Amino acid sequence: MKNIPKQLQQTLQENYPIDILSVIKEEKSLDGSIKYLFKLQDNTTVESVLLLMKDKQKDQQGNIIKSEKYTFCISSQIGCKVGCSFCLTAKGGFTRDLSAAEIVAQVVYLKKLNNIDQDKSVNIVYMGMGEPLDNYDNVIQAIKIISQESGLSINTRRQTISTSGISSKIDKLAQENLGIQLAISLHAVDDELRSELIPMNKAYNIQSIIDAVKKFPVDTRKRVMFEYLVIKDKNDDIKSADKLIKLLDGIKAKVNLIYFNPYPGTTYQRPSKTKMEKFKDHLIKKGVVCTIRESKGLDISAACGQLKEKENLE
Ligand code: SAH
Ligand code: SF4
């Protein structure tokens, strides 16, 4: 707009940016998932992923209706302070928190770039780069904005925070009663291994996380998701599965087993399919709901932080 005073133009430009993200890299997977590397206004970069799930349902006449379901994997920080030993995002260190606007913008851009209509069902998982509960206020503000009926209108029931387990913040989140879903990156069943994987476990141990989850308000139709990253010869044995069953006793839980996704320089290895299936079958036999995470976008830089790190290496 040139018909307003120069000074006002400048103030608007500096304080009310419109295009706060720009795509600098895009990788499309054979399964339709797309990973974006966005540049922010201060030239830092952050990743977001669109995951595509094909859905088939029968209507009342028995006709098969094909549809697509979208899940957006959204980042909350540039880098991460938690420093998990298996995570590529951690290797890049921590740069800064994302603002609420930058979090919301990822959702807006993923919709816009893929022409996703307002009536299409979208799920959001805060599982991109960063620890969402370490950027608490901005993430909560973003969730509220994204769920506004007059705006993007993505219900909080369709939004999931994934956390490495800051128990005190899980308690705080419970008090907000937002109706949001919770995913806990548990990954280990004893504190020694968990502290090796997630150093923060020394401050917030497994029991403190379990106690916080037990107080968390869960939608009657939903379960708390426990993510369990399976690493060869570290936590893929049946003894660990038994300990996990015990830990989750009394919690409406769902376990999601994740194959460790190797990257250059790591000493951890991907577990075998047989071990993974055995682990899953054992949990199911004992009555625990369990799935193996379908590795979407394995042919692209799938694990969290990989596209950004690759860009840094180039
Ligand atoms: N900080 C939050 C959310 C972002 S990490 C958290 O830790 O939950 C999102 C998920 O990616 C976590 O469950 C994490 O364990 C997983 N992840 C990180 N590095 C991985 C790797 N190399 N292979 C497979 N999953 C990985
Ligand atoms: Fe941070 Fe999550 Fe990566 Fe751990 S796994 S370093 S908490 S992003």
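Counting convention: from 1, in listed order, for ligands and their atoms alike. Bear in mind that the values here come from a model prediction, so they are computed numbers and not experimental data. Just so you know, residue 1 is the first one in the sequence shown, and it goes up from there. All values below were derived from every heavy atom in this structure, side-chain atoms included, with hydrogens, water molecules and symmetry-related copies excluded.
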Close N or O approach ([X], ligand 1; < 3.5 Å):
X	result
L88	no
N261	yes
R293	no
P132	no

Going by the closest heavy atom to [atom], which one wins out of [options]?
atom	options	value
atom 9 (C) of ligand 1	Q77, M127, K81, E131	M127
atom 5 (S) of ligand 2	C87, G92, S76	C87
atom 14 (C) of ligand 1	M200, H187, M225	H187

With the threshold set at under 4.0 angstrom, would you say G130 reaches ligand 1 through any of its heavy atoms?
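It does; at least one heavy atom falls under 4.0 Å.
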Salt bridge (charged side-chain N to carboxylate O under 4.0 Å, His left out) partners of residues 203-213, not counting sequence neighbours, each pair once:
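Those involving residues 203-213 do not exist here.
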Taking it one step at a time, do K222 and K254 satisfy side-chain contact (heavy atoms from CB on, under 4.5 Å)?
CA-CA 9 Å; K222 304 274 183 178; K254 174 190 168 178; over 6 Å; no
Are any non-hydrogen side-chain atoms of L257 and F279 less than 4.5 angstrom apart?
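Counting from C-beta outward, L257 and F279 do come under 4.5 Å.
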Do R96 and E102 sit within salt-bridge range, that is, some charged N less than 4.0 Å from a carboxylate O?
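Between E102 and R96 there is a salt bridge, with a charged N closer than 4.0 Å to a carboxylate O.
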Does any N, O or S atom of C84, backbone or side chain, fall under 2.8 Å from atom 3 (Fe) of ligand 2?
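Of the N, O and S atoms in C84, none lies under 2.8 Å from atom 3 (Fe) of ligand 2, which means no.
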